[in-house]
Amino acid sequence: MEGTNMSFKSREEMLKGVREQLCKGYASPEEAYANALEGAKAGIPDKICFLAECYLYGIGTDINNDEGVKWLKKAAEAGSNAAQYSLASMYIDGIYIERDYDEAFKWLTKSVEGGAPPAQNTLGTMYENGLGCKQDFTKAAEWYEKAAEQGYPDAEYNLAEMLLNGRGVEKIPKRAFELFRRAAESGDSRAQNEMGYCYSTGQGTDPDYDEAFKWFSIAAEQGNAVALYCLATCYGGGYGVARDLAKALECNKKSADAGYLPAQYRTGSCYLSGTGCEKNAEEAFRYFEMAATQGFPPAEYTLAVCYMNGTGVKADERMAFKWYERAAQAGIPDAMAEYGFYFMQGQIVPRNTQEGVKWFREAARRGNAEGQYYLGMCYESGDGMEQDLNAALQLYTQAAQQGHANAMKRARMLQQWMNSNK
């Protein structure tokens with residue numbers, strides 16, 4: 001629903017295209033503007049809307065956004081569905097006017113009376129996300145349905161997503177698959193990627209890795225970052241194509257460079273392990289940092305480990321603590337255990353056994369072996385809590401069952417001590 005940042009060059013190309021389209025049938029842009037001005041003065045809604053476009057896009061006159069918005073509002077109030085939709089879109093994106101979802105919803109509900117699929121689809125999106133209205137998945141699906149019935153690809157995709165997940169409607173994977181197909185065949189790269197997903201998982205159709213690879217490839221050719229990531233998975237695992245780790249890395253990097261956070265993390269992992277390339281700790285760190293600074297929790301944890309061990313960067317325990325903290329608060333169990341350890345150690349931060357125990361307990365609750373081990377040590381020593389050897393032994397055993405070597409040793413030692421002191 002957010003507006004898209006656009007370069008000056010691409011905006012100029014877009015404006016040029018709009019001008020050429022709107023000026024069809026007129027001898028010149030100046031004639032188009034004059035015709036719009038005459039019709040607007042006569043109170044004709046469509047001409048008022050056209051005049052607004054002349055000011056917004058510089059058709060036969062200088063661009064004047066304030067004047068354009070003024071006339072667009074007049075056209076909307078005069079009943080032009082096109083103007084109502086354009087005005088709603090401006091309120092949604094915050095273009096030329098301040099973003100206001102309530103106003104956007106108000107004008108959208110008027111514009112859909114004209115039956116235009118883009119307006120119906122956008123109203124569905126408002127309902128789905130609760131923007132300017134109470135969130136209502138059922139109403140969202142109803143509006144997507146109306147637009148999809150007219151063959152509008154965005155609505156076909158949105159409705160298919162709801163049907164695939166059973167959100168606001170009955171879960172019907174087969175119908176979702178058919179809607180994805182319709183949108184995919186219209187060129188929607190998101191739907192093309194979903195076709196690959198359906199074929200790879202067998203949702204709504206029989207599993208077929210060859211078909212999955214085909215659709216991921218089609219979407220990837222359009223630069224779809226998620227599809228590139230999925231295509232990398234195909235190459236990495238040999239799904240629908242011969243296994244090619246170098247090609248997998250190439251696709252991961254393209255996805256990463258397009259801004260897909262999981263791909264940035266995976267690319268860093270490839271460089272760290274030398275999967276599809278020579279090991280390169282500096283490149284690994286760069287990609288981990290790329291994803292971590294954008295709030296991707298697994299990368300936050302791995303970046304902390306890099307700072308702790310000096311992997312691809314100079315070792316810096318304070319920076320390690322910073323990223324452990326972020327990852328712990330984002331719910332990464334390994335990070336919770338390490339973050340808690342800092343409070344028990346009392347070096348980077350003042351010693352706080354209660355805080356340390358809190359994080360150990362949370363990590364252990366999530367089945368983390370390190371958290372179980374650390375919490376067991378607290379129970380055994382009575383550090384930060386009342387001593388409880390049985391609880392300590394239980395935690396050591398749980399960690400040992402996951403292969404934690406130190407927990408295995410502590411469990412044996414504690415068990416022997418407890419047996420000898422019965």
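Note that the numbering runs from 1 along the sequence shown for the chain. Keep in mind the model is a prediction, meaning the values are calculated, not measured.
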Asker: Roughly how far, to the nearest 0.5 Å, is the CE atom of M344 from the CZ atom of F360?
Answerer: 5.5 Å
Asker: Regarding R326 and E300, does a basic nitrogen lie under 4.0 Å from an acidic carboxylate oxygen?
Answerer: no
Asker: Are Q294 and Q264 close enough that a side-chain donor and a side-chain acceptor fall under 3.5 Å?
Answerer: yes
Asker: With side chains defined as the heavy atoms from C-beta onward, is the minimum distance between I97 and L87 less than 4.5 Å?
Answerer: yes
Asker: Who passes side-chain hydrogen bond (donor to acceptor under 3.5 Å, both in side chains) against E178, sequence neighbours left out?
Answerer: none
Asker: In Å, rounded to the nearest 0.5 Å, how long is the span from CG of L414 to OH of Y396?
Answerer: 6.5 Å
Asker: Which atoms form the tightest heavy-atom contact between A184 and A191, and what is the distance?
Answerer: N-CB, 3.5 Å
Asker: Using the side chain to side chain contact (heavy atoms under 4.5 Å, CB included) criterion, which residues pair with E338? Sequence neighbours excluded.
Answerer: Y324, E370, Y374
Asker: Measure the OG1-CE distance between T267 and M290 for me, rounded to the nearest 0.5 Å.
Answerer: 8.5 Å
Asker: So Y229 and Y260, would you call those rings parallel, tilted or perpendicular, with 30° and 60° as cut-offs?
Answerer: perpendicular
Asker: Find out whether K70 and L51 are in side-chain contact, i.e. whether some heavy atom of one side chain is under 4.5 Å from a heavy atom of the other.
Answerer: no
Asker: Answer with yes or no whether the side chains of Q415 and N419 bring together a donor and an acceptor at under 3.5 Å.
Answerer: yes
Asker: Picking from K139, K134, R167, what satisfies salt bridge (charged side-chain N to carboxylate O under 4.0 Å, His left out) with E128?
Answerer: R167
Asker: Among F180, Y209, F177, F216, exactly one meets ring-ring contact (aromatic ring centres under 6.0 Å, His included) together with Y199. Which residue is that?
Answerer: F177
Asker: Does any donor atom in the side chain of Y144 or Y157 lie under 3.5 Å from an acceptor atom in the other side chain?
Answerer: no
Asker: One thing to verify: whether E362 and R365 come together as a salt bridge, which I'm taking to mean a side-chain N less than 4.0 angstrom from a carboxylate O.
Answerer: yes
Asker: Would M385 and R361 satisfy side chain to side chain contact (heavy atoms under 4.5 Å, CB included), going step by step from the backbone distance to the final call?
Answerer: CA-CA 11 Å; M385 58 171 56; R361 194 182 300 281; 3.3 Å; yes
Asker: Could you tell me which non-hydrogen atom of G331 sits nearest to which non-hydrogen atom of M336, and how far apart they are?
Answerer: CA-CE, 3.5 Å
Asker: Take the angle between the ring planes of Y307 and F285 and call it parallel below 30°, perpendicular above 60°, tilted in between.
Answerer: perpendicular
